[in-house]
Asker: 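The structure that follows is given in the form of structure tokens.
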Amino acid sequence: MLKAVFPFLCLLTGLNVFAQTGKLEGNILFKDQSPTINAHLHINEIDAYAVTNWDGYYSFRNIPYGNYTMTISTVEAGTTTVNISINNQSQKKDLILERSVNNLEEILVEGQSRALQLETQGFAVNVIKTEAASQRNIQTNELLNRSVGIKVRQNGGLGSAVDYNLNGMSGNSIKVFIDGFPISTYGSSFDLNSISPAMIERIEVYKGVVPGELSDDALGGAINVVLKREVNNHLNASLSYGSFNTTQPNLSGMYSAKNSGFYLRASGFYNYSDNDYEVWGDLVYNILPNGRLDYIKTKRHNDAYRSIGGVTEIGFKNVKWADNFSVGYNSSDSYNEIQHGLFMTTPYKGRFMEAKANVLSLNYNKSDILKGLDLNFRGLYSNRSRVINDTLKWNYNWDGNLSRDLDGNKIIRQDEGPILTTVDREIYTFRGGLKYSVNTNHRFIFNHLFQEVDREDLEEMKTVLQRKFAGTRGLQKNISSLTYELRLFEERLQATIFGKYYQQNVNKMDPVAENQNGEMVRVEKYFEKNSEFSGYGAAFSFEVTPLIRLLTSAEKAIRLPSENETFGDPGENIIENPQLNPEVSNNFNLGFNLGTLTYQRHKVSFSANGFIRDTRDKIMRQTRTNLNDAIESAPNINLGKTKSMGFDAEVNYVLNNNLNVLMNFSKFDTRDNNKYDNNGNVLVNYNKQIPNQPFLTANANVQYTFRNVIQKKSLINLFYNFNYTDEFYSIWNPKDLAGMEAFKIPEQYIQDAGLSYIFPNKDLTLSFDVKNIFNKQAYDNFAVQKPGRAFYFKINYSINN
């Protein structure tokens with residue numbers, strides 16, 4: 001009997017042991033007891049992952065009893081492998097690591113870990129990785145335009161004005177940051193296209209709800225570009241050349257001393273393009289002497305762009321008195337010819353804009369100044385100057401020749417007339433923050449942003465007497481935020497709750513001549529406007545299963561009128577409007593992430609998000625219902641009530657780590673909700689779609705990698721991108737009005753392709769790209785045509801030590 005029962009008991013015991021699982025947790029620290037933040041942990045045998053939080057804490061759940069190998073990857077300590085044994089329901093294993101020099105692969109691991117952490121906080125956020133793009137002829141804005149929910153809208157070719165649309169919100173409602181600092185401080189000569197993807201670690205795109213840590217008045221979202229911060233010595237150089245004489249060299253490097261913590265980081269860029277691509281269509285015509293319109297296909301002749309700049313930073317890292325201390329200098333200069341105003345109907349000749357900026361910066365970061373308390377500070381002083389030169393008062397045709405009437409007389413332009421305006425700005429921007437971690441589950445964050453802009457406009461076409469009546473402009477704002485972060489149930493539930501305070505002061509002085517007692521005297525007229533608002537928001541995420549996470553966020557957001565909107569900008573055809581009110585919007589997001597599903601060689605992930613943007617006093621460029629009022633300059637106005645509703649989704653499929661297919665789309669509807677005017681009359685635009693907004697976009701990106709084709713350990717990457725934009729109108733759409741078709745932007749199907757060859761030692765890359773393969777008409781803002789088919793070649797070389 002015992003002989004029969006004994007094997008059965010052994011089987012039950014074995015099954016019981018096999019079914020047992022345990023929890024593994026602990027803290028990973030460096031030898032100086034500082035936490036290893038964003039360390040990437042992998043239990044190899046069961047393919048389980050974890051990421052350390054800000055205290056270096058990690059945890060694995062439901063690990064079957066047994067012996068395993070765990071790999072820990074960090075930027076500062078490289079890759080470490082340890083043996084672990086799970087034989088209890090709850091086990092703790094603390095580790096001490098030693099900092100060392102890292103390589104490129106470890107940097108990529110850190111970026112992925114940070115991306116995972118951001119995507120599980122509850123915010124509607126995209127994290128764009130730049131590894132593949134850095135090897136290609138892709139601008140940073142092109143990379144953004146391929147991300148879900150984003151439409152980058154550009155007024156032409158390289159160097160033209162750029163507008164970002166996120167889920168129906170656009171313009172200055174979308175704030176752009178460099179390492180968490182407003183890019184507007186650096187001036188128009190330094191923009192995202194001036195930053196090569198090779199210099200970028202990742203791009204964080206927050207839609208609708210913006211964390212308190214990015215303490216600025218972002219109403220509809222934020223784009224935060226995080227630059228690479230390698231600690232090893234390196235040098236990277238690239239050169240791109242292509243159609244329209246487009247030339248773009250970039251150079252960046254860093255020297256880091258081994259023992260003292262001293263480092264020197266520098267980078268430089270140069271961009272040039274003739275932008276002489278062909279344009280045609282309903283808005284491209286010459287006006288003949290008899291008044292007849294002669295529609296033509298021609299090249300842009302007054303659209304060249306050049307920019308040059310550099311960034312230098314020296315400092316100390318990982319020393320006793322600072323995690324990082326640095327001072328920096330940023331200088332940039334640009335020259336931009338202007339082909340036309342808001343519409344393409346009136347080409348300019350001889351109109352151009354020059355801009356310069358000199359920026360000084362100071363950075364200081366220190367963790368654990370007191371136990372659990374971290375401090376960060378950054379200050380910038382920016383001296384910016386812009387000159388708008390347009391001294392020719394005549395009308396010109398698209399062939400560059402003067403327009404004449406039937407008598408042969410030159411035709412005078414019907415706009416503001418010749419200008420030679422200099423706009424000088426001094427900008428002071430300071431941002432500081434404190435983080436206090438009570439424990440692994442509770443953290444408080446305080447941030448404050450202060451910015452002051454002093455501006456002077458000088459119109460040199462005026463007489464000496466008129467110049468004495470030049471006015472001054474000033475704008476000052478303070479934005480404070482307080483955030484509480486909560487982590488519960490082994491971080492399955494994550495919550496972020498924040499409040500924001502906004503304050504702005506607008507002042508201007510305009511001198512005028514007044515008759516006092518029979519004598520004309522100079523009198524200064526002052527205007528001042530103060531605004532104070534408060535906002536608040538929250539983001540929640542909950543892990544239903546290891547593969548499914550629910551995300552929701554909401555915010556009452558405030559956006560203060562910018563300096564350009566308030567005081568105007570001749571270079572961008574914006575007229576002054578100091579009476580603008582701040583925008584206020586109630587933003588809501590609800591979505592989910594379906595984590596990577598793995599089956600043999602296949603991997604699939606999916607995410608979706610629905611949103612509402614209920615906005616009051618929306619600020620936008622004034623548009624008209626009368627076609628004859630499509631003027632070249634316009635002010636910004638408060639639209640009143642608008643509402644945007646929609647959703648976006650993205651799916652990513654990977655086969656055998658060679659084929660990568662990414663598809664996404666965004667659909668929204670933004671309408672004017674103002675039914676009555678101040679007199680109780682029904683408004684003509686009630687419940688109509690806001691003009692100049694593309695409401696449906698879609699992208700598909702395909703990449704395939706061939707290995708060891710020409711040389712052993714070499715890589716050949718093939719790329720294909722498809723972009724679809726649905727039709728939309730560039731002005732308010734009264735459907736019964738004749739001639740409206742001229743202001744309808746048609747459906748657009750734009751396709752790009754390219755390939756890159758990476759040499760075996762990974763330090764040299766050659767790439768070739770074709771943009772807009774089938775030479776289709778491409779439009780963005782106000783029916784301004786973008787470049788057609790274009791070819792580009794790029795060489796990229798890196799040295800890492």
Side-chain angles (χ1 to χ4, degrees), residues 104 107-108 111 128-144 157-159 162 176 178-179 183 186-203 225-230 232-255 263-275 304-313 328-336 355 357 359 717 719 754 756-759 762-769 771 790-801:
L104 180 59
I107 292 173
L108 295 176
I128 304 172
K129 304 176 182 67
T130 61
E131 176 189 5
S134 65
Q135 310 295 340
R136 300 183 56 202
N137 295 285
I138 296 181
Q139 303 292 327
T140 302
N141 279 328
E142 290 181 83
L143 201 59
L144 281 166
L158 184 67
V162 174
V176 181
I178 302 294
D179 287 330
I183 194 175
Y186 296 94
S188 60
S189 52
F190 185 86
D191 58 18
L192 288 190
N193 277 342
S194 300
I195 306 173
S196 166
M199 300 167 58
I200 299 173
E201 177 65 36
R202 66 182 180 275
I203 305 175
V225 177
V226 180
L227 301 180
K228 288 182 176 178
R229 295 294 178 183
E230 300 101 323
N232 60 314
N233 298 331
H234 70 275
L235 180 68
N236 179 271
S238 66
L239 173 63
S240 172
Y241 181 79
S243 299
F244 323 120
N245 197 26
T246 303
T247 308
Q248 293 180 288
N250 283 275
L251 181 67
S252 63
M254 177 176 177
Y255 167 75
Y263 68 89
L264 168 65
R265 182 183 289 115
S267 62
F269 66 87
Y270 176 80
N271 300 303
Y272 178 83
S273 180
D274 291 332
N275 284 324
Y305 173 75
R306 172 194 55 79
S307 67
I308 186 171
V311 180
T312 303
E313 182 182 8
Y329 173 65
N330 180 314
S331 178
S332 59
D333 179 281
S334 68
Y335 168 83
N336 191 6
V359 183
N717 293 313
F719 306 92
S756 66
Y757 180 78
I758 303 176
F759 285 77
K762 305 298 187 292
D763 59 359
L764 180 63
T765 302
L766 304 178
S767 63
F768 176 76
D769 285 81
K771 307 288 181 64
F791 304 91
Y792 299 93
F793 176 79
K794 181 177 181 179
I795 181 171
N796 190 89
Y797 184 72
S798 299
I799 301 175
N800 291 282
N801 181 15

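Index from 1, following the sequence.
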Asker: If the condition is ring-ring contact (aromatic ring centres under 6.0 Å, His included), which residues does Tyr186 pass it with, not counting sequence neighbours?
Answerer: Phe190
Asker: Does the side chain of Val225 reach to within under 4.5 Å of the side chain of Ile183, using non-hydrogen atoms?
Answerer: no
Asker: With a 4.5 Å limit on heavy-atom distance, are the side chains of Asn271 and Tyr305 in contact?
Answerer: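 Of all side-chain heavy-atom pairs linking Tyr305 with Asn271, at least one is under 4.5 Å.
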Asker: Check whether any side-chain heavy atom of Ile128 lies under 4.5 Å from a side-chain heavy atom of Ile200, and answer yes or no.
Answerer: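 Ile128 vs Ile200: side chains apart.
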Asker: Is there side-chain contact between Thr247 and Pro249, with heavy atoms separated by less than 4.5 Å?
Answerer: yes
Asker: Please report the C-alpha distance between Asn245 and Tyr272 in whole Å, then the side-chain angles of each, then the deciding distance to 0.1 Å, and finally whether the side-chain contact (heavy atoms from CB on, under 4.5 Å) criterion is met.
Answerer: CA-CA 8 Å; Asn245 197 26; Tyr272 178 83; 3.5 Å; yes
Asker: With the side chain counted from C-beta on, respond yes when Tyr797 and Ile799 share a heavy-atom pair under 4.5 Å apart, and no when they do not.
Answerer: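 They are in contact (side-chain heavy atoms under 4.5 Å apart), so the answer is yes.
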Asker: From Phe244 CZ over to Asn275 CG, what is the distance, rounded to the nearest 0.5 angstrom?
Answerer: 8.0 Å
Asker: Looking at CE of Met254 and CZ of Arg265, how far apart are the two atoms once the value is rounded to the nearest 0.5 Å?
Answerer: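 Going from the CE atom of Met254 to the CZ atom of Arg265 covers 4.5 Å.
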Asker: Is the closest side-chain donor-acceptor distance between Thr246 and Ser273 under 3.5 Å?
Answerer: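 There is such a pair between these side chains.
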Asker: Answer yes or no: is there a donor N or O on one side and an acceptor on the other, between the side chain of Asn336 and the main chain of Gly159, under 3.5 Å?
Answerer: yes
Asker: Within the 3.5 Å criterion, strictly below it, is a donor on Ser798 or Asp763 matched to an acceptor on the partner's side chain?
Answerer: no
Asker: Atom CD1 of Ile758 and atom CG of Asn717: how far apart are they, to the nearest 0.5 Å?
Answerer: 5.0 Å
Asker: With a 4.5 Å limit on heavy-atom distance, are the side chains of Phe269 and Gln248 in contact?
Answerer: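 Not in contact.
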Asker: Just verifying a value: how many Å separate Leu764 CG and Ile795 CD1, rounded to the nearest 0.5 Å?
Answerer: 5.0 Å
Asker: Run the ring-ring contact (aromatic ring centres under 6.0 Å, His included) test against Tyr792 and tell me which residues pass, sequence neighbours left out.
Answerer: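 For Tyr792 there are no ring-ring contact (aromatic ring centres under 6.0 Å, His included) partners, ignoring immediate neighbours.
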Asker: So which heavy atom on Ala790 is nearest to which on Ser243, and how close?
Answerer: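 So the two residues come closest at CA-OG, 3.3 Å.
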Asker: Closer than 3.5 angstrom, by distance alone: can the side chain of Asp179 be matched with the main-chain N or O of Leu227 as a donor-acceptor pair?
Answerer: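 Yes.
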Asker: Walk me through it: do Asn796 and Leu239 pass the test side-chain contact (heavy atoms from CB on, under 4.5 Å)?
Answerer: CA-CA 7 Å; Asn796 190 89; Leu239 173 63; over 6 Å; no
Asker: With side chains defined as the heavy atoms from C-beta onward, is the minimum distance between Phe793 and Leu766 less than 4.5 Å?
Answerer: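 With C-beta onward as the side chain, the pair touches.
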Asker: Would you compute the distance between atom CG of Leu251 and atom CG of Leu235 and round it to the nearest 0.5 angstrom?
Answerer: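 Answer rounded to 0.5 Å: 5.5 Å.
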Asker: Who are the side-chain hydrogen bond (donor to acceptor under 3.5 Å, both in side chains) partners of Asn330, not counting sequence neighbours?
Answerer: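 side-chain hydrogen bond (donor to acceptor under 3.5 Å, both in side chains) list for Asn330, sorted by chain: empty.
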Asker: Would you say the side chain of Leu264 lies within less than 4.5 Å of the side chain of Thr312, judging by non-hydrogen atoms?
Answerer: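 Yes, side chains in contact.
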Asker: Who are the side-chain hydrogen bond (donor to acceptor under 3.5 Å, both in side chains) partners of Thr140, not counting sequence neighbours?
Answerer: none
Asker: When rounded to the nearest 0.5 angstrom, what distance separates CG in Asp769 from OG in Ser240?
Answerer: 8.0 Å
Asker: For Tyr757, which residues count as a ring-ring contact (aromatic ring centres under 6.0 Å, His included) partner, sequence neighbours excluded?
Answerer: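 ring-ring contact (aromatic ring centres under 6.0 Å, His included) check on Tyr757 returns Phe759.
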Asker: Could you please spell out the steps behind the side-chain contact (heavy atoms from CB on, under 4.5 Å) verdict for Phe768 and Ser756?
Answerer: CA-CA 6 Å; Phe768 176 76; Ser756 66; over 6 Å; no
Asker: Applying side chain to side chain contact (heavy atoms under 4.5 Å, CB included), can you list everything that pairs with Asp333, at least two apart in sequence or on another chain?
Answerer: Arg306, Ile308, Lys356
